[in-house]
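What you see is a predicted model, and the numbers here were worked out from it, not measured in a lab. So you know, we letter chains A, B, ... as the sequences are listed, proteins then strands, and number each from 1.
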Amino acid sequence: MSPFGRLLSTAREALYGRGIPRLKSTGDAPIIPIEPPQRVRFPIGGLVAVVAPGQTVEAGALIARTPEASRFQRRIHASLSGTVTALDAGEIVLEGEVPERPPVTHSEPDWILPEAIADTAREAGLIGMGGGMFPTYVKLSRVAPIDIVLVNGCESEPYLTCDQRVLEEHRDEVDCGTVLAMHAVEAGRGLIIDRETYYPGGYERLLISDVLGRVVPPRGLPRDVGVLVMNVQSARALHDAVCLGRPLIDRVVTVAGGGVGRPGNYRVPIGTEVGHLLEVCRVDLSKTAAILTGGPMMGESASPETPVTGGTGGLLALTAAERSQSLPQPCIRCGHCMEACPFDLPAAYLAESPHKAVLGCVECGACQFNCPARIPLVSRLRKAKAVVTAWD
Amino acid sequence: MTTTAGPFIHSGQTNRKIMVMVLVSLSPSLLGAVVRHGMGAGVVIVSAIVGAWVAEWVFDRGQAFDGSALVTGGIFALVLPPTAPWWLAMLGGALAIGLGKHAFGGLGRNLFNPAALARVVLMGILPAYFFSPAWTIDGLTAASPLAKESGALGPTFTELLSGNTLGSLGQAAPHAVLVGGLLLVALRAVDWRIPLTYLATVAFLALVLPGSARIEGHAPWLLGNPLLHLVGGGSLLAAFFLLADPVTAPFSPNGRIAFAIIAALYTMLVRFYTPYPDGAALAVLFANATVPLIDRTVLGIGRTSEAGLVEPWTR
Amino acid sequence: MRPYDAVFLALVASRCLDRPKRWWLVLLVPLLAYGIGCCEPPGRFALPATALLVVVLVPRWAPVGLLLAVPVYGTLVQSLGAAATWLGLDVVFNSLLARVRDDAVPPRLRGWPIRLLVAAVLYYTLLPLTWL
């Protein structure tokens with residue numbers, strides 16, 4: 001950024017604030033294990049179950065995997081010890097007890113081959129825990145030269161503090177995971193980015209351009225510019241998988257929002273139902289206007305049956321005041337959507353008329369957050385993207 | 001809980017809140033006009049607002065309470081001469097809303113600034129009320145301190161600043177317009193780039209152009225202090241309340257800068273090279289007319305089809 | 001009739017007719033009218049001769065060209081100015097009308113009335129140009 005540009009942005013921040021507020025109130029709440037659920041469910045679309053109904057499984061055991069021929073391999077492991085009570089093409093339901101101590105299958109190895117790290121990540125079912133849920137082993141396989149590993153601890157989504165807590169309480173494991181990832185792709189540098197950013201500053205592309213000054217092409221990947229980006233919890237999970245032999249069976253989830261009686265950061269077995277979290281965190285449903293998984297910007301509405309997945313960073317129960325909903329009005333061309341857009345896209349235009357520029361949109365929602373006419377820009381942009389993609 | 005995808009939170013901003021901000025920012029100018037010209041000005045202002053609001057009620061009841069009609073009426077009152085009769089103000093307010101806004105499809109769809117459009121239409125139909133022979137010699141637009149005073153000495157900067165000049169209601173209190181305008185920018189109701197670029201370009205041209213100006217039409221003082229061009233005429237009003245209206249300004253930040261420069265160029269072209277006393281109001285309409293072209297050029301997303309140019313702006 | 005008025009009448013007239021492939025040839029008309037006017041004492045064959053050329057040049061837009069041929073152009077600059085103004089207005093007018101959504105405009109104003117309103121606003125807005 002030029003000095004003049006920096007001056008302008010400083011003036012803008014002084015006048016108008018920094019755009020989307022952080023709204024993080026659980027940053028000081030230490031990670032505590034959630035009251036263990038009796039039942040967990042795993043959506044297994046595209047995977048094949050390796051257990052049968054009625055079968056008894058131990059926590060950490062493989063229960064579903066992708067066929068050998070699949071381009072991207074995924075694995076799902078049981079997060080509690082118990083019985084398979086339901087199994088169909090769409091999901092596996094387990095009922096039982098969460099073990100007191102997480103399963104550990106081997107002690108820390110003395111030396112590790114780079115290829116073995118990717119293999120371990122694949123078999124442990126590691127995925128992008130920032131929400132992308134892309135298989136980690138693919139990033140760790142050396143398909144393109146990588147010279148730097150960025151571990152993303154920015155967590156710019158409002159409300160969410162789970163990554164921040166993991167960095168504070170489990171820094172050694174994150175550091176170790178970072179070194180393992182560097183080792184796997186033979187990168188010379190590794191950076192853990194834990195600075196405070198404003199949404200959508202933690203977004204992969206923006207982080208790469210902010211920290212390294214490298215620009216990822218619109219439909220490209222970070223690896224195209226020699227960068228591997230992984231979430232802090234993914235880095236920690238990589239450490240757990242390689243050093244402790246523990247597959248991905250739990251994660252830290254922030255439970256927050258005006259409707260929550262016991263907000264905080266909880267270690268939650270993957271597969272735990274939202275309903276269980278609502279109950280043990282004392283969510284007052286009469287005060288709640290929306291229940292969602294993920295952050296308030298890119299999250300999705302959830303029902304009590306929705307399970308926590310590896311990419312679920314938060315469970316939010318927002319009050320009507322936090323939602324601040326209002327009926328759509330005519331667009332007054334104020335241009336706030338374009339000013340809010342991290343990629344300077346004219347959202348109000350692109351939402352109305354299909355144009356290939358819309359493909360640069362990452363659906364971060366900053367435009368819709370700022371739209372005074374309350375136009376549902378994100379869903380319209382999504383439709384426009386679908387139309388433009390169909391052109392090719 | 002109908003939405004299934006984010007964002008689930010919002011800044012809390014609404015169109016109505018923006019209109020309220022504009023109204024608040026407009027009030028110092030309106031008050032200043034009443035203080036300077038007395039209750040007559042008050043009657044003109046109230047009539048214009050009533051006319052605008054009634055027209056809004058007639059054309060679109062759903063929109064009548066978002067405050068945009070009050071804003072349009074108030075701004076229209078400021079471009080009227082203080083001697084305008086109440087019925088002219090009311091008619092103009094109604095024209096601004098009816099012809100300026102709803103004829104094009106309502107809020108957000110008008111091509112021209114409604115207040116400026118209403119003034120031009122009324123000047124076409126009823127020129128007598130805008131051109132008082134006591135004020136101007138060539139009677140082409142409303143009187144303004146930048147008018148060519150026949151033989152009389154022009155106003156000084158201090159006189160202009162105190163509103164001690166003949167001119168439209170909006171020129172009665174430049175302090176108040178400036179305060180309101182800065183408030184408007186601080187509240188983020190308008191883009192700061194437009195007033196800043198416009199005023200800066202006007203001042204720059206006022207410094208550079210006098211050498212080439214057609215001196216015979218002008219009082220010599222016009223060629224002096226560039227500050228006269230900022231404070232006199234409709235410059236301040238146009239910069240903050242007419243040009244900066246987002247509906248009739250380009251969409252992108254860069255486009256807005258180009259737009260303000262175009263408006264300033266036309267203002268000064270009219271002031272220096274034609275017998276018109278002031279070009280600010282016409283410059284607003286001129287710049288408005290270039291907006292679709294600016295948007296298309298800067299955003300680069302208009303496209304051409306066999307049926308001609310297809311504007312992406314649809315809903 | 002001033003060239004300025006002729007330009008606006010030609011602009012409105014051009015919206016009534018399909019645009020021919022070589023529509024830009026009408027831009028030559030003010031120049032031709034000026035040139036022929038220079039060779040001929042006014043009032044005899046100047047206008048008919050220009051009319052004939054217009055019909056040959058842009059048959060489908062002949063009325064547009066004729067309107068541009070009617071005013072008396074005093075100088076070369078004036079005729080060039082008229083052509084330039086017409087071209088600029090054509091582009092601006094098109095871009096403005098493309099932004100008007102016909103289904104949003106009240107039924108009674110749809111089509112011609114709204115176009116005339118836009119043309120009228122442009123007419124008053126650009127009036128100072130006649131003094132240049």
Enquirer: To the nearest 0.5 Å, what is the distance between CE on A:M297 and CZ on B:F8?
Expert: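 That separation rounds to 11.0 Å.
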
Enquirer: Is it the side chain or the backbone of B:I18 that comes within 4.5 Å of chain A heavy atoms, both, or neither?
Expert: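 Just its side chain gets close to chain A.
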
Enquirer: Distance-only, no hydrogens or angles: does the B:N15 side chain make a donor-acceptor pair with backbone N or O of A:P330 under 3.5 Å?
Expert: yes

Enquirer: Between A:M338, A:R382, A:R374, which residue shows the highest count of heavy-atom pairs closer than 4.5 Å to chain B?
Expert: A:R374

Enquirer: Would a distance-only check, ignoring hydrogens and angles, find a side-chain to backbone donor-acceptor pair under 3.5 Å from B:H10 to A:C371?
Expert: yes

Enquirer: Taking atom NZ of A:K385 as the centre, does the number of heavy atoms from other residues, nucleotides or ligands within less than 6.0 Å exceed 12?
Expert: yes

Enquirer: Can you name the closest pair of heavy atoms from B:P7 and A:G365 and give their distance?
Expert: CG-O, 3.5 Å

Enquirer: Is the backbone of A:P372 close enough, under 3.5 Å, to the side chain of B:T14 for a donor and an acceptor to pair up by distance?
Expert: no

Enquirer: Quick one: what part of A:P158 sits under 4.5 Å from any heavy atom of chain B, side chain, backbone, both or neither?
Expert: side chain

Enquirer: Between A:R333 and B:D245, is the closest basic N to carboxylate O distance under 4.0 Å?
Expert: no

Enquirer: Decide yes or no on side-chain contact (heavy atoms from CB on, under 4.5 Å) for B:R16 and A:Q329, but give the supporting numbers first.
Expert: CA-CA 10 Å; B:R16 188 195 295 222; A:Q329 296 283 313; over 6 Å; no

Enquirer: So do A:C334 and B:F251 actually touch side chain to side chain, heavy atoms under 4.5 Å?
Expert: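 Contact flag for B:F251/A:C334 side chains = no.
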
Enquirer: Let me know if A:C364 has heavy atoms under 4.5 Å from chain B in its side chain, its backbone, both or neither.
Expert: neither

Enquirer: Restricting to pairs with a member in residues 248-258 of chain B, which pass salt bridge (charged side-chain N to carboxylate O under 4.0 Å, His left out), not counting sequence neighbours?
Expert: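 Listed by first then second residue: B:D191-B:R256.
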
Enquirer: Side chain, backbone, both or neither: which part of A:S379 has a non-hydrogen atom closer than 4.5 Å to chain B?
Expert: neither

Enquirer: Taking all non-hydrogen atoms of both residues, which atom of A:F369 and which atom of B:I9 are closest, and how far apart?
Expert: CD1-O, 3.4 Å

Enquirer: Measure distances from B:A189 to the heavy atoms of chain A and classify the residue's part below 4.5 Å as side chain, backbone, both or neither.
Expert: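 Contact with chain A is absent: no heavy atom of B:A189 under 4.5 Å.
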
Enquirer: Under 4.5 Å from any heavy atom of chain B, what part of A:L23 do you find: side chain, backbone, both or neither?
Expert: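 For A:L23, side-chain heavy atoms alone lie under 4.5 Å from chain B.
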
Enquirer: Rounded to the nearest 0.5 Å, what separates atom OG1 in B:T248 from atom CD1 in A:I332?
Expert: 11.0 Å

